[in-house]
Each structure stands twice: as structure tokens, then as C-alpha cells.
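Below is one structure, written out as C-alpha cells; comments come after it.
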Amino acid sequence: MTQAPVNVTVTGAAGQIGYALLFRIASGQLLGADTPVKLRLLEIPQAVKAAEGTAMELEDGAFPLLAGTDIFDDPKQAFEGANVALLVGARPRTKGMERGDLLEANGGIFKPQGEAINAGAADDIKVLVVGNPANTNALIAQSNAPDVPAERFTAMTRLDHNRALAQLAKKLGVSVADIKKMTIWGNHSATQYPDLFHAEVGGKTAAEAVNDQKWLEEDFIPTVAKRGAAIIEARGASSAASAASAAIDHVYTWVNGTAEGDWTSMAVPSDGSYGVPEGLISSFPVTTRDGKWEIVQGLEIDEFSRGKIDASVAELAEEREAVRKLGLVG
Ligand SMILES: NC(=O)C1=CN([C@@H]2O[C@H](COP(=O)(O)OP(=O)(O)OC[C@H]3O[C@@H](n4cnc5c(N)ncnc54)[C@H](O)[C@@H]3O)[C@@H](O)[C@H]2O)C=CC1
Ligand SMILES: O=C([O-])CC(=O)C(=O)O
């Protein structure tokens, strides 16, 4: 271990995603097998004891890369010196709810956390928001951290991206590793648009390889977009291990780069690309390199895709209006 440990702050550490996530971070899967990490866990006071139990188990894992675990119930302390922040802590939805129904309950969590990041995080801070509604919560945190470059705030659509890879691989009888350039556009909600017109499989676009517009429209898109609800229906609780796995993938790719000839999906602050209003945190195809992301430019968007992207972006604009009214963003 030659390098100084990277401070990783995880909120909602005693929750179900936290339980699946922390051990993978400690084992080196978030940042790489050569990077020691120091965990800073944030919980609400009532859940600190449970977080302490998880910290005991982390200790019992004897992870060579884990340089220590500290637990806080104060965001200011938890984000002090943070290099990476995973904002997971929020109420999950239950059967019959849409993620947007959580806006009021969860929105209030992300304003003080944005302020705490602004006040004390390290200069190279990278933030991933997982707590729902993830895109708009990321917008709230970002708007309350005016001294941190906006591009350091991202939200998670990697789980949707992974779901899209898995569904397509199953349909075509190929491995997920054979699929490149998958894109999720828009909001992490039922309006998201998983795009098969730019994804590639065996030298063709995925849409050509599937050659079945009815499946694409009536099966693939709704299956991916409503997978979270299907998991809640089956498990009685929302996705946890797959969400933790996607959070690991998101940060690992951000830090370590996308492969040549491929890209990933991340919800990032729009610069106006593809007609998405500036400032909305919307999912795009992105490449990453040297710890920075860039929106893939120049893709042709046909009428079908345009309609789908616009619908999801309109929902993001509505969510922004709603949190403006609640005084959570300027
Ligand atoms: N973006 C995505 O793809 C996904 C997002 N999610 C979302 O992630 C969030 C967490 O899900 P779970 O771990 O299943 O929920 P959970 O209820 O098991 O755990 C949430 C934890 O957050 C803590 N918490 C609440 N307010 C907090 C605050 N202000 N500061 C720190 N911690 C706080 C709670 O005490 C609890 O321990 C939910 O909003 C869920 O909808 C879940 C799956 C996928
Ligand atoms: O659906 C939910 O509420 C949890 C989530 O975000 C997902 O599984 O994609």
C-alpha cells in the first residue's frame, strides 16, 4: 500500500444498499485493487447503532485496502475531506409509488448534504447520487454546492444501463460483453429511454440485430424502465445488491475510464447537448478519461428516439420546477 487512502463517504450506510455496497468498496472494487480507502459513513441518529454493527463486520472482513471506518450523524463531519461521495441514504419507494413521489420526503436530505460537500469536501470530490428521485436529488445537492464544479455531481442510471444490457443479451443469445455503446437517456424513472439504435452487437446496431420494432417498443423498453417496480413486486423491497453493483460500476468507470470504442450511461448536468436544457441532470451516453466525463457528441437522433428523450426530459424539467417551489434549488 503506497498511496494515501482515498476518503469515501457513504450515506445511508445502515440501509440495504449500504450493506451490499460497503464490503465491495472495502475489497477494492470501487477504485481499484491498488487504492486504499477510508470509509466515512453517514446515518441518521436512530440508525447509527446499526451502522456501527456494519462497521464491526467490515473490520471482521480484514480487508487489506480498508484503512479505517468512521461513523457520523452530522453531514458536515461526514463529508469533511471526502474524495468520493455516494449519496444513497433516502427513503425507498414501496409498491404502487413512482420514484417522483419521493421528491418531497427525500428532497430535504440533499440540500444540507450539498451544503456540507461545499463546505468541506476535498477539491477533487466526485459525487454519485443513488437515493431517489436520483437525478433531481443530484440537482438539489449540486445547486447547494456553488463552489464545487457542477460536473462533479452525477446521478445513477448505470443500473438501468446494466438492465438494458442484460435484457438485450438474453434476447439475442449473446453475452453482455458482446454489446457496446448502450445508452440510457433522461430520467431514472419509468420515462427513461434505453436506446438500441446506437448500441452495437456483432457489427450491427442492436436495433438491426433484433429486427423487431414491436419487441423493442412493447417489451424491451417497458421491461427496462419498469424493472425497479418488478423487483419491488417480487422481493417486497427495492433493488439493493444490483443497485450497489451499479454504483460500483459507475464510480469505477468514472475514475478508471471507458474502454476504447465503448461508452457508458451517466446522469450528468446538461450543457444543452441533444436539446436537453442546460443544468438538468439527465442521462446521456458518456465517455470517461482521467477522472472526467464527456457527453458523446454527434449521434443522429431519429423521430422515435427524439419523442422518447423529450418526454423524459420534460419530466426532469417538471421535477426541477417542483423542487424550486419547495425552495430546494435556486
Ligand atoms: N438510482 C438507482 O438506480 C436506485 C436508487 N435506489 C434508491 O436508493 C435509496 C436507498 O435505498 P435502500 O438502501 O434500499 O433504502 P433503506 O431504507 O434500506 O436505507 C436507507 C438508509 O438511509 C438512511 N437515511 C435516511 N435519511 C438519511 C440522511 N438524511 N442521511 C443519512 N442517511 C439517511 C436510513 O436511515 C436508512 O438506513 C432509496 O431512495 C432508493 O429508492 C434504489 C435502487 C436503485
Ligand atoms: O425502483 C425503485 O424504486 C428502486 C430503483 O430505483 C430501481 O430499482 O431502479
Side-chain angles (χ1 to χ4, degrees), residues 9-22 40-54 71-79 85-117 127-138 140-141 154-164 166 184 186-192 194 223-251 265-267 281 283:
T9 298
V10 180
T11 76
Q16 44 153 13
I17 295 177
Y19 196 70
L21 181 60
L22 292 169
R40 300 177 73 80
L41 311 183
L42 177 66
E43 258 299 348
I44 52 173
Q46 310 87 285
V48 161
K49 192 153 193 283
E52 282 168 0
T54 304
I71 301 169
F72 305 93
D73 62 7
D74 171 9
K76 286 265 178 327
Q77 290 175 13
F79 291 109
L86 301 173
L87 275 47
V88 178
R91 195 178 129 194
R93 65 173 168 157
T94 42
K95 242 185 237 184
M97 289 173 88
E98 285 301 329
R99 298 183 187 99
D101 297 335
L102 296 168
L103 208 50
E104 198 157 350
N106 288 343
I109 295 174
F110 292 85
K111 184 175 183 337
Q113 292 186 0
E115 290 165 350
I117 289 168
V127 182
L128 167 63
V129 176
V130 174
N132 279 318
N135 302 54
T136 299
N137 289 337
I140 295 169
T154 66
M156 191 164 93
T157 49
R158 186 63 173 263
L159 178 54
D160 311 293
H161 179 103
N162 288 346
R163 287 166 172 163
I184 303 293
N187 199 2
H188 173 62
S189 76
T191 67
Q192 68 180 262
T223 297
V224 173
K226 295 181 185 163
R227 185 70 164 184
I231 300 283
I232 293 170
E233 184 67 36
R235 238 171 61 83
S238 65
S239 307
S242 57
S245 194
I248 295 277
D249 290 345
H250 177 114
V251 174
S265 305
M266 282 169 75
I281 297 194
S283 189

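For ligands, and for the atoms within them, numbers begin at 1 and follow the listed sequence.
- Close contacts of ligand 2 with G228, meaning ligand atoms under 4.0 Å from a residue heavy atom, involve 1 (O), 7 (C), 8 (O).
- The single protein non-hydrogen atom nearest to atom 8 (O) of ligand 1 is I17 CD1, 3.5 Å, given as residue, atom name and distance.
- Of the candidates I44, L42, L21, I232, the one placing a heavy atom closest to atom 27 (C) of ligand 1 is I44.
- For ligand 1, the atoms sitting less than 4.0 Å from at least one non-hydrogen atom of R91 are 38 (C), 39 (O), numbered in the order shown with element in parentheses.
- Ligand 1 lies out of reach of A240, whose nearest heavy atom is not under 4.0 Å from it.
- In this structure a side-chain-to-backbone donor-acceptor pair under 3.5 Å is present from N135 to I281.
- With a 4.0 Å cut-off on non-hydrogen atoms, N132 touches ligand 1 through its backbone as well as its side chain.
- With hydrogens and angles left out, the side-chain atoms of T154 and H250 include a donor and acceptor closer than 3.5 Å.
- The closest heavy-atom contact to atom 5 (C) of ligand 2, among the options R99, E98, M97, comes from R99.
- Taking each heavy atom of A190 and E98 in turn, the nearest pair found is CB-OE1, 4.0 Å.
- Here the protein heavy atom with the shortest distance to atom 29 (N) of ligand 1 is I109 CG2, 3.4 Å.
- Closest heavy-atom contact between V251 and L128: CG2-CD2, 4.1 Å.
- Using modelled atom types and a 3.5 Å distance limit, the side chains of D160 and Q192 yield a donor-acceptor pair.
- Listed for the S283 side chain is no donor-acceptor partner under 3.5 Å among the backbone atoms of N187.
- Within ligand 1, counting atoms from 1 as listed, the ones closer than 4.0 Å to a heavy atom of G12 are 21 (C), 22 (O), 23 (C), 31 (C), 32 (N).
- Annotation: R93, atom CZ; neighbour count of heavy atoms from other residues, nucleotides and ligands within 6.0 Å is above 12.
- Of the options M156, R163, R227, the smallest heavy-atom separation from atom 8 (O) of ligand 2 is shown by R163.
- Remark: ligand 1 atoms within the under-4.0 Å shell around heavy atoms of H188 are 1 (N), 2 (C), 3 (O), 4 (C).
- The atoms of ligand 1 that sit less than 4.0 Å from any heavy atom of A243 are 43 (C), 44 (C).
- Between N106 and N137, the side chains place no donor N or O within less than 3.5 Å of an acceptor N or O (distance only, hydrogens not considered).
- The minimum heavy-atom distance between S239 and L159, with the atom names listed, is CB-CD2, 4.3 Å.
- Residue S238 has no nitrogen or oxygen atom sitting less than 3.5 Å from a nitrogen or oxygen atom of ligand 2, judged on distance alone.
- Residue Q113 holds the heavy atom nearest to atom 30 (N) of ligand 1 of all those in Q113, R99, E43, R163.
- Neither the backbone nor the side chain of I231 comes within contact range of ligand 2; no heavy atom lies under 4.0 Å.
- Annotation: atom 20 (C) of ligand 1 to nearest protein heavy atom, A90 O, 3.4 Å.
- Each of the following atoms of ligand 2 lies closer than 4.0 Å to a heavy atom of S239: 8 (O).
- Nearest-residue assignment for atom 10 (C) of ligand 1 (options L128, N137, V88; heavy-atom criterion): V88.
- What sits closest to atom 18 (O) of ligand 1 on the protein, heavy atoms only, is Q16 N, 2.9 Å.
- Looking at every heavy atom in both residues, A85 comes nearest to F79 through CB-CE2, 3.8 Å.
- Looking only at atom types and distance, the side chain of S238 has no donor-acceptor partner in the side chain of R99 under 3.5 Å away.
- With a 4.0 Å cut-off on non-hydrogen atoms, I232 touches ligand 2 through its side chain and not its backbone.
- For ligand 2, the atoms sitting less than 4.0 Å from at least one non-hydrogen atom of R93 are 1 (O), 2 (C), 3 (O), numbered in the order shown with element in parentheses.
- For the pair Q77 (side chain) and F72 (backbone), a donor-acceptor distance under 3.5 Å is absent.
- At a threshold of 4.5 Å between non-hydrogen side-chain atoms, the residues V129 and M156 do not count as touching.
- In this comparison of G15, G131, P92, the heavy atom closest to atom 17 (O) of ligand 1 sits on P92.
- Around the CZ atom of R235, the shell of radius 6.0 Å holds more than 12 heavy atoms that belong to other residues, nucleotides or ligands.
- Here the heavy atom of the protein found nearest to atom 6 (O) of ligand 2 is H188 NE2, 2.6 Å.
- Both the backbone and the side chain of V130 come within contact range of ligand 1, each with a heavy atom under 4.0 Å.
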